[in-house]
Amino acid sequence: MKKFSVVIAGGGSTYTPGIVMMLLDNLDRFPIKTLKLYDNDAERQNELGEALDILLKEKEPSIEFSYTTDPEEAFTGMDFCFAHIRVGKYEMREQDEKIPLKHGVIGQETCGPGGIAYGMRSIGPMIEMIDLMEKYAPDCWMLNYSNPAAIIAEACRVLRPDARVLNICDMPVGTLRRMSQIVDKEPKDLEVRYFGLNHFGWWTSVKDKDGHEYLPQIRDYVAENGYLTQIEVDTQHMDPSWQETHKKAKDLLAVDPRFLPNTYLKYYFYPDYEVRQADANYTRANEVMDGREKSVFSTARDIIERGTAEGSNFSIGSHATFIVDLARAIAFNTHERMLMIVENNGAIANFDDNAMVEVPCIIGSDGPEVLSQGNIPEFERALMYQQVTVEKLAVEAYIEGSYQKFWQALTLSKTVPSAEVAKNLLDDLIEANQKYWPQFN
Ligand code: NAD
Ligand code: LMR
């Protein structure tokens with residue numbers, strides 16, 4: 001089997017060790033020749049790079065491993081770029097969450113004003129990275145799971161429509177794992193139908209390979225427990241705030257019991273409740289900094305100090321095997337069925353062709369082919385149209401440097417109560433993002 005060369009962009013990410021462990025776990029399916037880390041923060045990446053170098057020399061010395069901040073070195077000769085960058089890092093995530101809360105509005109990484117703010121920071125660097133990839137590795141595919149995925153995907157559609165970039169999210173994968181546990185199946189046994197936008201969608205069918213429909217059974221469970229399951233199902237969505245989120249799916253289902261909701265809909269259906277529940281002084285950014293970030297970097301330091309990874313391995317990002325499934329689909333034309341963020345082009349029959357939607361696709365060596373999901377009901381269609389217009393306005397605002405469109409995007413967001421609040425929020429966000437955003441006039 002061919003051996004592949006992979007660069008992980010955002011090498012200093014808290015997810016990097018989990019992804020590397022996952023790659024090691026999947027070498028029989030996806031052999032690796034070269035593995036590189038690329039980041040623009042040398043110090044952050046060096047700690048993980050040094051620790052992973054020790055670990056890889058012990059576990060799989062045949063892999064050529066290196067880490068760099070030089071894009072030419074990073075991309076040359078690569079087949080795949082796994083991209084998980086966070087522009088502005090946790091320091092700015094904290095602002096994205098805390099500034100809206102000060103105005104009584106949802107403070108979240110990808111939903112509402114925080115997501116738009118993060119999007120405005122991310123569009124430029126993502127496009128720059130795509131250009132660097134095309135310059136140094138014209139045949140390379142970027143599998144992007146950097147957030148905010150909806151806005152990045154829309155920016156790619158508009159600014160780099162022909163680039164080899166595939167946008168994908170792990171949330172539906174994580175929730176499907178929970179569903180599979182509810183019905184006592186393996187996730188791979190289940191095939192879904194789904195429609196929506198990123199972090200804004202619904203499952204309309206969950207069947208096994210024999211065609212048995214599990215949606216009613218899952219619905220009964222979710223109506224009582226949300227997606228909360230007893231056994232640890234994923235390594236990522238386990239913190240207390242996530243347990244609350246899985247539980248809240250129960251109230252999302254109640255709004256339209258026909259379909260199984262994506263958990264992120266809670267920010268749009270219950271914003272007042274979510275704001276009341278939030279601690280404006282201690283948000284998800286703080287939870288991650290005190291939890292995942294501390295634990296990943298202290299494991300790295302421990303490995304470096306002891307000079308060995310024996311006895312202190314990083315945990316495997318097991319849910320992240322979807323990234324290998326996607327890379328394999330491209331590399332071996334496997335026709336894997338996966339949810340992807342793609343241009344609609346008729347997949348949802350009664351929705352705009354040029355909207356970036358999240359739907360099941362068949363992935364082969366030319367990329368995704370969308371699977372038709374038919375017509376969707378007016379309730380969901382109207383919600384999606386409002387949200388996709390927010391995302392489109394945000395990207396237009398970025399390209400044109402338009403304060404007006406930025407204000408409109410915030411005003412239109414279902415999470416923001418009025419144009420007045422939107423304007424006050426925007427002015428605070430501009431102040432906080434001076435280092436990252438273009439000028440808005
Ligand atoms: P993190 O802050 O730990 O790591 C991000 C890294 O990106 C940092 O080391 C930073 O220096 C680097 N970076 C920032 N801008 C860069 C640039 N222009 N070029 C190269 N490197 C750059 O963040 P994290 O919590 O590990 O998350 C990483 C990303 O993955 C986030 O965008 C997060 O939202 C996303 N994520 C997505 C999914 C998904 O499935 N869609 C799941 C989990 C995490
Ligand atoms: C993260 O892992 O930080 C985010 O992508 C999602 C979350 O857990 O808040």
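Read the numbers this way: they start at 1 and go in the same order the structure lists the ligands and their atoms. Source: prediction; values computed, not measured.
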Proximity of [X] to ligand 1 by residue part, where a heavy atom lies under 4.0 Å:
X    : result
R86  : both
Y436 : neither
R292 : side chain
P125 : side chain
E293 : neither

Students often mix this up, so state it plainly: with edges at 30° and 60°, are the rings of [X] and [Y] parallel, tilted or perpendicular?
X    : Y    : answer
W202 : F200 : perpendicular
Y15  : H84  : tilted
H246 : H237 : perpendicular
Y273 : Y270 : perpendicular

For [X] and ligand 1, answer yes if some heavy atom of the residue is under 4.0 Å from a ligand atom, otherwise no.
X    : answer
A9   : no
A149 : no
E128 : no

* Asked: Do T245 and K266 have a side chain donor and acceptor closer than 3.5 Å?
  ->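 There is such a pair between these side chains.
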
I'd like to check which ligand 1 atoms, numbered from 1 as shown, lie under 4.0 Å from a non-hydrogen atom of [X].
X    : result
C169 : 40 (O), 41 (N)
Y118 : 31 (C), 32 (O), 34 (O)
E109 : 33 (C), 34 (O)
K89  : 10 (C), 11 (O)
D41  : 11 (O)

* To do: From the options I168, I323, T16, N40, select the one whose nearest heavy atom is closest to atom 16 (C) of ligand 1.
  =>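 Considering heavy atoms of I168, I323, T16, N40, the nearest to atom 16 (C) of ligand 1 sits in N40.
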
* Would you mind finding which of G317, S13, G11 brings a heavy atom closest to atom 4 (O) of ligand 1? => S13

* Taking NZ, NE, NH1 and NH2 as the nitrogens, is one of them in E97 or R284 under 4.0 Å from a carboxylate oxygen of the other? -> no

* Any ion pair linking D251 and K248 (charged N to carboxylate O, less than 4.0 Å)? -> yes

On a heavy-atom basis, which atom in [X] and which in [Y] lie closest, and how many Å separate them?
X    : Y    : result
F314 : V296 : CE2-O, 3.5 Å
L23  : L35  : CD1-CD1, 4.0 Å
R121 : G88  : NE-CA, 4.1 Å

* Identify whether NZ of Lys or CZ of Arg in R86 sits under 6.0 Å from the centre of the six-membered ring of Y90 and within 45° of that ring's axis. => yes

* To do: Give yes if a backbone or side-chain nitrogen or oxygen of I85 is under 3.5 Å from a nitrogen or oxygen of ligand 1, and no if not.
  => yes

* Asked: Has ligand 1 got any nitrogen or oxygen that is less than 3.5 angstrom from a nitrogen or oxygen of R44?
  ->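 Checking ligand 1 against R44, an N or O pair does fall under 3.5 Å apart.
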
